[in-house]
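I have placed the structure first, in the form of structure tokens, so that the comments after it can refer back to it.
Residue numbers start from 1 in every chain, and the chains themselves are labelled A, B, ... in the order their sequence lines are given, proteins ahead of strands.
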Amino acid sequence: MNKPVRVVPFDVEAVRAQFPILRTLLHGKVPLHYLDNAATAQVPEAVLEAVRAHDALRRANVKRGVHALAEAATDAYEAARRKVAQHLNAREEREIVFTSGTTGAINLVANAFGATLKPGDEVVLSGLEHHSNLVPWQLLRDRAGIKLRFLGVTEEGRIDTGDLDELVSERCKLIAVTHVSNVTGAITDVAAVVRAARTVGARVLLDGAQRASHGPVDVQALGVDFYALSSHKMFGPTGVGALWGRAEVLASLPPFLGGGEMIRTVTLEKSTWADIPARFEAGTPPITQAVGLGAAIDWQAGVDTAAAAVHTAHLADRILDGLRSLGGANRRIRVIGPQTMERRFPVIAFAVEGAHPHDICQMLDGHGVALRGGHHCAQPFHDSLGLAGTSRASLALYNNAGDVDAFLTGLDDALTKLT
Amino acid sequence: MNKPVRVVPFDVEAVRAQFPILRTLLHGKVPLHYLDNAATAQVPEAVLEAVRAHDALRRANVKRGVHALAEAATDAYEAARRKVAQHLNAREEREIVFTSGTTGAINLVANAFGATLKPGDEVVLSGLEHHSNLVPWQLLRDRAGIKLRFLGVTEEGRIDTGDLDELVSERCKLIAVTHVSNVTGAITDVAAVVRAARTVGARVLLDGAQRASHGPVDVQALGVDFYALSSHKMFGPTGVGALWGRAEVLASLPPFLGGGEMIRTVTLEKSTWADIPARFEAGTPPITQAVGLGAAIDWQAGVDTAAAAVHTAHLADRILDGLRSLGGANRRIRVIGPQTMERRFPVIAFAVEGAHPHDICQMLDGHGVALRGGHHCAQPFHDSLGLAGTSRASLALYNNAGDVDAFLTGLDDALTKLT
Amino acid sequence: MDTLYKTDVLRLAAQATGAGKLADATKSVTVDNPLCGDRVTFDVHMGANSKIVAVGHTVKGCVLCQASASVIGAHAAGEDAASLEAVRESLKAMLKQGAPAPAGAWATLGTFAPVAGHKSRHECVLLPFEAVIQAAGK
Amino acid sequence: MDTLYKTDVLRLAAQATGAGKLADATKSVTVDNPLCGDRVTFDVHMGANSKIVAVGHTVKGCVLCQASASVIGAHAAGEDAASLEAVRESLKAMLKQGAPAPAGAWATLGTFAPVAGHKSRHECVLLPFEAVIQAAGK
Ligand SMILES: Cc1ncc(COP(=O)(O)O)c(C=O)c1O
Ligand SMILES: Cc1ncc(COP(=O)(O)O)c(C=O)c1O
């Protein structure tokens with residue numbers, strides 16, 4: 001994301017005060033410095049309370065009940081759908097399907113849209129994808145005889161849109177790429193992807209798991225067809241996510257999972273399907289979690305996300321600077337992805353020669369700093385870098401200068417011991 | 001369930017006190033009489049608190065993290081798996097796969113086990129199934145060319161195991177039936193089903209959605225191969241459920257959903273799969289909800305479920321008696337399913353000639369009584385009865401005599417107005 | 001809630017004005033509510049200028065659905081598809097946006113005002129309109 | 001936590017006893033930890049009675065994994081697959097059930113006791129044993 005120009009004072013301490021977990025003392029003594037936000041974000045009091053209140057006051061199954069609790073629960077569930085629609089600037093509420101998460105959403109598309117593909121059809125992915133936007137397509141390939149093609153990754157850790165012309169042919173039916181990388185934080189050039197897709201009439205799916213916690217998204221302006229997100233990465237509960245799909249596209253797809261509430265009529269011989277979005281919401285949905293996601297979106301809407309972006313970009317700059325100065329002659333530190341905060345989000349993965357990511361993360365844990373080490377479910381990308389894993393610091397709007405200091409101090413200490 | 005003989009005083013008021021929602025005044029004035037437990041059960045304080053505490057104190061993504069929160073979250077998640085394993089008397093913890101619910105669990109089997117079937121293979125279901133245990137198999141049939149066969153339903157509303165000999169042939173690879181009907185409350189004669197399956201080497205799946213809230217289950221004693229359940233029907237959070245599968249069977253199946261955490265290795269060309277249960281848990285699982293389900297199982301384990309069964313069976317008897325006496329010469333009331341509480345759970349569906357279920361439910365709502373009306377996602381069974389829908393009262397262990405009285409008084413009032 | 005079942009609604013349903021098959025129907029349309037399995041059939045006899053001369057309805061549905069069909073049975077004569085659509089839109093506005101009840105001949109629809117608070121029942125009132133409008137259309 | 005990385009562990013890793021390829025290996029086995037991509041190769045030279053004469057190891061892994069391999073490098077000579085399996089079992093018991101560290105030659109493994117509290121790292125310590133046991137087996 002480009003750093004917004006305006007300079008609004010962002011009151012990070014006021015934000016922090018809303019997150020009970022940030023008051024935790026780890027190991028009974030060290031304050032928590034949570035820099036594992038790309039894996040899962042923390043939850044503000046407003047969301048904790050919305051979840052509790054729903055189950056304590058309005059709990060019922062949704063959709064078919066006529067009693068007061070069932071109506072209240074259905075209203076709350078549908079209100080949550082409206083909030084997701086607003087967060088994404090969807091044209092219509094029925095374009096939002098609640099799923100178990102980003103992984104569930106992408107599998108839905110790989111199966112429902114996948115069922116419309118023919119052997120030899122092509123799906124274009126990239127070498128930067130999270131396994132959740134790769135393995136479902138491999139499974140589809142093995143099932144349906146389609147072909148997968150892969151956009152390369154630039155030196156800078158961005159999806160190489162220069163490959164589009166060569167890779168996107170008339171056989172291409174879908175381009176499915178990440179909106180923001182969970183390793184490099186790089187923002188994909190979606191316009192280029194959409195342009196290429198439109199020339200051959202292909203659809204575009206964006207994996208929005210890493211994007212949706214950083215303020216509203218405009219799927220109409222992006223011009224894509226599918227957008228997947230996870231609640232737990234955007235300050236909401238685990239167990240729920242959403243798929244946005246352009247109404248006419250969604251409406252043209254067969255169902256994926258079968259069960260209650262996704263049908264129009266059922267006989268032992270044959271069933272017919274409900275309209276969207278119900279067609280894709282088989283069984284009792286994650287009701288309370290959807291309500292919690294709605295509360296998280298409300299909460300995010302109450303924050304100045306533009307100011308928050310300036311704030312986290314400053315912190316990320318300090319991390320990049322710090323890594324540069326820690327990495328001296330005999331400590332080779334390699335930052336994966338863009339070296340500045342231009343067109344990227346504050347997800348910073350790095351490799352240290354001679355120090356294993358798990359040792360780094362474990363030692364930093366002793367300093368109260370929560371990092372993540374490993375391939376971050378992007379094994380092909382790490383393979384292409386010749387690395388088994390990296391350490392990753394990822395920021396959310398509640399991180400502060402103290403978190404960055406603890407990280408840099410801890411890392412210095414760890415590297416002194418490890419290298 | 002047979003009424004246990006011992007007569008333990010069951011302190012229902014002490015149980016009720018633990019459910020905040022039971023103190024609700026509907027429409028600002030009428031006390032809630034919640035008799036829609038077959039759709040979703042309510043949540044005790046202990047579960048509300050476990051859910052909140054997890055997100056407020058131990059929130060992190062699971063499985064790969066080495067920092068303290070990630071270890072705590074993984075421990076909590078795996079402890080929940082252990083609790084589900086204990087509730088079902090599974091032989092091993094790895095036999096428990098967390099899913100989005102019963103519907104998710106059955107779809108998993110229909111896809112993963114389904115992928116091992118060949119055209120012409122047969123799956124035997126029954127005419128009493130919930131759509132969640134019918135539609136996934138219809139989708140599989142249409143995809144894979146298998147054949148579905150259906151056990152009939154007896155006059156009494158039980159799966160007709162007399163049909164087994166005729167329907168279960170050498171081509172049968174699976175019998176998938178409900179453990180307890182969500183319409184008639186009838187308990188299936190599982191032993192007969194398992195016997196028939198074993199003679200031809202077929203597997204057995206039980207839909208345990210309606211059973212798992214009524215005390216522990218013993219999958220080993222039942223002798224089945226798969227068992228599906230939903231947390232929200234057993235006093236736990238929405239958004240999570242479980243599939244139990246016999247280890248050697250589960251381990252022999254290919255994955256269903258693709259994504260993070262279900263892999264061993266991933267390259268752009270090819271992936272290999274993790275061991276069970278991870279192979280079937282793609283993406284970030286419903287972590288907090290699984291922890292909540294664990295808390296619900298702990299809570300249930302602290303209740304004398306045998307005494308609770310006596311208690312709810314007595315209440316159900318009063319409902320059956322009340323329906324008989326309300327149904328006079330000009331009010332024809334038909335109770336669907338067994339007419340006594342022998343071998344059944346307290347789920348009571350009934351039809352009133354000349355009164356629409358939704359009118360009945362809506363009028364009872366005015367009395368604070370939450371019922372459910374419609375086909376209860378068992379449209380084929382209702383069709384077979386010549387009914388579009390029924391009204392259903394379903395009990396949980398926190399229901400009391402006041403709930404039954406309110407129901408019978410309200411129904412009398414409604415029928416006076418409607419018939 | 002009981003307020004949904006005020007005496008007026010129950011009476012409308014009991015009156016069942018226009019219930020029964022129409023012998024000389026020019027068209028008949030059946031509409032289902034997939035959510036509850038309800039089913040409404042409207043037979044219409046169309047006159048000159050595509051105006052309704054008479055209707056007959058068969059309702060397998062709840063009291064709200066029956067009462068709504070009964071109101072149509074009482075007032076449909078003389079209407080055409082377009083005017084019935086206008087009535088349905090003002091009924092919808094009453095249910096969904098709290099607009100005032102339709103004026104004039106169709107004022108009886110005001111009886112359904114309390115249904116506004118019960119989204120799951122809106123369709124019960126609207127279904128008969130769906131059937132008669134389709135039957136009165138080309 | 002830092003207690004995992006006591007000087008002892010770091011020193012064991014740095015010593016890297018037995019690191020390197022073994023020229024006259026009778027068998028070589030490579031084992032992966034799919035969770036973190038770590039990889040351990042053990043070359044063994046087996047003598048009479050299926051006893052180890054010498055080992056060499058190549059570790060792409062964390063400090064814990066390196067230290068564990070180093071301990072094996074120092075003490076494997078004279079062991080066979082079965083005795084190494086026994087050592088691994090007592091190491092496992094120390095990690096998983098809080099049992100005391102192995103006695104005798106392998107007492108150094110006590111250095112890993114603090115790993116017990118970190119389930120996600122148990123595999124790091126156990127992986128080299130997996131490799132050497134497989135290499136020493138038939
Ligand atoms: C017998 C039965 N099977 C399956 C289900 C589906 O459960 P869920 O909607 O929680 O997936 C239900 C509940 O609706 C049920 O009662
Ligand atoms: C870019 C990206 N895509 C997909 C996912 C999968 O999300 P989830 O695990 O919530 O389904 C993640 C998070 O792990 C991610 O970062």
Output the option from [options] having the highest count of non-hydrogen pairs under 4.5 Å with chain A.
options	value
B:L69, B:T40, B:T284, B:I21	B:I21
B:A56, B:A70, B:G258	B:G258
B:S384, B:S230, B:G260	B:G260
B:P286, B:G368, B:P380	B:P380

Heavy-atom cut-off 4.5 Å, strictly under: side chain, backbone, both or neither for [X] against chain B?
X	answer
A:T265	both
A:H358	both
A:L371	backbone
A:V30	neither
A:P254	neither
A:D55	both
A:V51	side chain
A:R372	side chain
A:H375	side chain
A:I263	side chain
A:L48	both

[atom1]/[X] to [atom2]/[Y] distance, rounded to the nearest 0.5 angstrom?
X	Y	atom1	atom2	result
A:S271	B:Q379	OG	CD	8.0 Å
B:S132	A:M262	OG	CE	9.5 Å
B:R52	A:E49	CZ	CD	6.0 Å

Review point. What's the verdict on side-chain contact (heavy atoms from CB on, under 4.5 Å) for B:N61 and A:H232, showing C-alpha distance, side-chain angles and the deciding distance?
Key: CA-CA 9 Å; B:N61 215 323; A:H232 71 95; 3.7 Å; yes
Locate the shortest heavy-atom distance separating A:P136 from B:G259; write the atom from each residue and the value.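 What the structure gives for the nearest pair is CD-N, 4.4 Å.
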Of all heavy-atom pairs linking B:P237 and A:Q289, the shortest is CB-NE2, 4.2 Å
Contacts with chain B made by residues 103-112 of chain A (heavy-atom distance under 4.5 Å), listed by residue number: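 The stretch touches chain B at A:T103, A:N107.
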Tell me whether [X] contacts the main-chain N or O of [Y] through its side chain, where contact means a donor paired with an acceptor under 3.5 Å.
X	Y	answer
B:D365	A:A68	yes
B:R59	A:A41	yes
A:Q138	B:T267	yes
A:R141	B:E269	yes

Counting heavy-atom pairs under 4.5 angstrom with chain B, the leader among A:A290, A:G101, A:G65, A:S100 is A:G65
With chain B as the partner, which of A:T24, A:V240, A:D36 has the greatest number of non-hydrogen pairs under 4.5 Å?
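Among the listed options, the one with the most contacts to chain B is A:D36.
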Counting only non-hydrogen atoms closer than 4.5 Å, does B:P285 touch chain A with its backbone (N, CA, C, O), its side chain (CB onward), both, or neither?
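Just its backbone gets close to chain A.
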The interface call for B:V291 against chain A, heavy-atom contacts under 4.5 Å, is neither
**Prompt:** Can you find a pair of side-chain heavy atoms, one from A:L268 and one from B:F381, that are under 4.5 Å apart?
**Reply:** no
Query - Trace of the side-chain contact (heavy atoms from CB on, under 4.5 Å) decision for A:H67 with B:C361 - result: CA-CA 7 Å; A:H67 60 75; B:C361 292; over 6 Å; no
Please test B:L134 against A:V266 for side-chain contact (heavy atoms from CB on, under 4.5 Å), starting from the C-alpha separation and ending with a verdict.
-> CA-CA 9 Å; B:L134 168 56; A:V266 177; 3.5 Å; yes
Could you label the plane-to-plane angle of the B:F256 and A:F256 rings as parallel, tilted or perpendicular, counting under 30° as parallel and over 60° as perpendicular?
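Correct class here is tilted.
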Checklist line | A:T288 versus B:T238, side-chain donor and acceptor atoms under 3.5 Å | finding: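 Yes, a side-chain donor-acceptor pair sits under 3.5 Å.
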